[in-house]
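Structure record follows, encoded as structure tokens.
Computed from heavy atoms alone, side chains included, the values below leave out hydrogens, waters and symmetry copies. Everything numeric in this text was worked out from a predicted model, so none of it was measured. In each ligand, atom 1 is the first atom listed, and ligand 1 is the first ligand listed.
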Amino acid sequence: MKKFFFLFVITVNLLAEDGSRLWLRYDKISNEQFLKSCTELIKTCFVDGKSETFSVIKDELNNGLSGLLNKNFEFTNRFEKNGVLYVGVSSSETIKEMNLESKLSHISDDGFLILSTKIKNKKAIVVTAKTDAGVLYGVFHFLRLLQTQQEISNLNVSSSPKINLRLLNHWDNLDRTSERGYAGFSIWDWHRLPDYIDQRYKDYARANASIGINGTVLTNVNANAFILTHDYLLKVAALAKIFRPYGIKVYLTARFSAPVEIGKLQTADPLNDDVKKWWKEKAEEIYKLVPDFGGFLVKANSEGQPGPQNYGRNHAEGANMLANAIKPFGGIIMWRAFVYDNNVPQDRHKQAYNEFKPLDGKFEDNVLVQVKNGAIDFQPREPFHPLFGAMPKTPLIMEFQITQEYLGQATHLVYLAPMFKECLDSDTYSKGKSSLVSKVVDGALDGKTLTGIAGVANTGTDKNWTGHLFGQSNWYAFGRLAWNHEFSSEQIADEWIRLTFSNDEALVKSVSKIMMQSRENTVSYMTPLGLHHLMGWDHHYGPAPWIKDKPRADWTSVYYHKADSNGIGFDRTSSGSNALVQYFPDVQKKFSSLQTCPEKYLLWFHHLSWNYKMKSGKTLWEEICYHYYNGVDELRKTRSEWNLIENKIDKERFEHVKMLLKIQEDEAVWWRNACVLYFQAFSKKEIPAGFEKPDNTLDYYMKLDFPYAPGI
Ligand code: GCW
């Protein structure tokens with residue numbers, strides 16, 4: 001009896017569905033017919049390589065194929081029978097004999113080929129690439145084909161990433177808190193590094209490699225100079241060693257005042273010789289420990305961070321000094337354009353452009369300027385940043401936020417691919433029609449080869465990595481879009497659902513429906529029609545459109561919505577701040593005119609009367625109410641839709657999401673009531689008939705207080 005109980009406990013533990021396996025589950029293929037054909041086509045596997053990356057490849061194939069095909073998988077080094085999966089770089093003897101030059105000429109260093117073919121007259125599948133990392137990406141892709149049950153009898157896959165630097169940015173502090181992190185603490189256990197290597201580091205690297213992410217900025221942009229001290233660099237080197245076989249480079253944030261704080265210099269002036277020397281020596285020290293160190297990410301002269309302007313120098317002078325220090329070693333500088341100052345009497349929307357546009361062409365060739373998707377700050381919806389297209393001589397890195405600072409944090413299910421795509425697919429008109437943001441970022445528009453995209457990570461110590469299980473889909477989607485921004489949101493959702501849950505068609509349909517409408521819905525119950533920055537003070541949790549009278553006007557809500565008895569919205573046309581002038585003329589024209597400005601951006605660019613007639617025939621006030629109410633209604637439908645899959649997945653993950661959806665509904669109602677009641681105090685109009693009345697007063701909502709909200 002005791003024995004039985006013991007076995008039972010072990011089995012239960014092994015099957016714990018805590019989400020930790022992410023999209024790399026490798027459970028046995030459920031479709032018998034497909035399983036049979038895979039078993040025929042993959043009898044053995046020939047892993048032709050000896051590097052550390054190849055040992056990762058071998059482990060992954062062993063793990064993946066034994067799980068998916070449900071047998072102990074055997075490796076070979078011969079082509080004796082049909083059914084060999086051959087995995088090797090293009091310079092291997094086997095590939096050289098295959099005459100694949102023409103196909104290989106179409107892929108980049110990180111790209112790969114997967115082909116059904118014959119080797120020594122035996123049926124084989126080949127995964128090959130120019131580099132070890134490329135082979136690793138190909139292997140993950142191949143395993144994904146099996147996981148999502150796609151035909152593998154006649155493969156002819158050729159794939160290359162469109163963007164070279166595909167990075168996660170961790171806003172992680174040395175004390176293991178994570179700024180805007182909602183999934184526990186930072187994964188980096190600095191205190192126990194470099195000697196203690198947590199298994200999570202490998203799991204993290206593996207997950208990233210599986211979606212093509214090839215770099216990680218370990219530390220917060222609100223930087224701590226301490227990371228650049230020797231002891232900490234040893235810890236960084238230990239992480240770099242773990243990540244290297246997975247094709248992942250490490251980067252750090254550089255605090256501009258580090259020469260003063262840890263170097264004992266009197267100044268951090270970028271034109272000062274001692275300062276230059278200090279950074280050169282620091283770079284040398286880093287590269288001795290981490291020969292493939294990626295470079296620095298810098299937030300300067302923004303939100304209190306030190307920078308070149310403290311010494312009367314501009315951003316280019318600051319960036320170039322660091323760029324020169326790191327250039328001999330092949331490193332890069334990613335200099336953030338997220339700058340604004342409440343002492344500058346200008347719409348915050350305009351400040352980054354005003355500072356950076358004149359610097360186009362003034363940066364060293366190893367500097368990239370990192371630009372957030374929109375000009376304010378990761379709002380549920382923002383028009384694209386006017387800097388895209390405006391700096392043709394400078395490589396621009398796109399910065400997206402995967403962690404949901406302004407999108408319900410880790411209690412709301414919001415699939416972000418549609419939001420990322422909305423920005424990437426926007427037309428800047430910088431070189432005429434079809435000058436898409438994606439083409440600025442991938443370098444195609446201005447013939448750039450140094451290209452990058454960064455996502456502010458949502459990972460932490462939570463067992464499921466991201467707090468909300470569906471946060472995983474945003475990490476996944478970011479990686480997939482970084483690889484190829486032409487993938488559709490639906491396609492990525494479909495893939496993720498199959499990998500994470502199952503290939504059951506009804507399940508895929510329900511979950512996809514939930515995901516695909518989730519972001520639009522969130523915009524509806526938070527910030528419809530172009531409203532923005534209505535979130536709680538500092539922690540940004542929940543609604544607080546009433547925030548005013550704070551030390552910085554540009555950190556209040558009233559600065560952004562400008563509601564008064566006449567109307568609502570931020571006038572950014574020529575009669576207002578004229579931020580629109582920063583866009584190219586076609587875009588300007590479109591957004592300036594009330595006839596052509598998409599209603600989703602209406603109050604972002606226009607201040608309009610409560611009675612303004614919308615395209616629907618409703619007044620602006622009614623339309624605002626409609627959106628807030630509709631957002632809640634749709635969420636109620638989402639909850640019912642989720643219940644449909646109850647018997648199709650494990651109880652643990654089902655209940656996890658179910659409980660969070662209940663919280664999300666309650667919070668959506670809170671958003672709706674608080675915002676509608678607050679704006680009603682200005683519009684002085686009734687909530688349209690038929691809508692349920694808020695069950696609390698405005699005063700009640702205004703008094704809610706969350707001193708321990710996460711993420712700060
Ligand atoms: O979104 C805001 C956040 C800050 C963040 C800043 C930035 C790291 O509220 O927490 O600081 O942007 O991007 O630098």
Is it true that atom CZ of Phe185 has more than 12 heavy atoms of other residues, nucleotides or ligands lying nearer than 6.0 Å?
no

Would the Phe400 and Phe420 ring centres measure less than 6.0 Å apart?
yes

Heavy-atom contacts with ligand 1 below 4.0 Å: which residues, ordered by chain and residue number?
Trp171, Glu179, Arg180, Asn220, Val221, Asn222, Lys299, Glu303, Arg336, Phe338, Lys372, Asp377, Glu405, Tyr406, His540

Using a 6.0 Å distance limit plus a 45 degree cone around the ring axis, check whether Arg480 lies over the aromatic ring of Trp475.
no

Minimum heavy-atom separation for Phe243 to Val250, with atom names?
CD1-CG1, 3.6 Å

Side chains of residues 380-398: which donor-acceptor partners sit under 3.5 Å, not counting sequence neighbours?
from	atom 1	to	atom 2	distance (Å)
Arg381	NE	Glu422	OE2	3.0
Arg381	NH1	Glu520	OE2	3.0
Arg381	NH2	Glu422	OE1	2.8
Arg381	NH2	Glu520	OE1	2.9
Glu382	OE1	Ala375	N	3.0
Glu382	OE1	Ile376	N	2.9
Glu382	OE2	Asp377	N	2.7
Glu382	OE2	Phe378	N	2.9
Glu382	OE2	Gln379	N	3.0
His385	ND1	Leu387	N	3.1
Thr394	OG1	Asp360	OD1	2.5

Just checking, Lys350 and Tyr353: is the charged tip under 6.0 Å from the six-membered ring centre and within 45° of the axis?
no

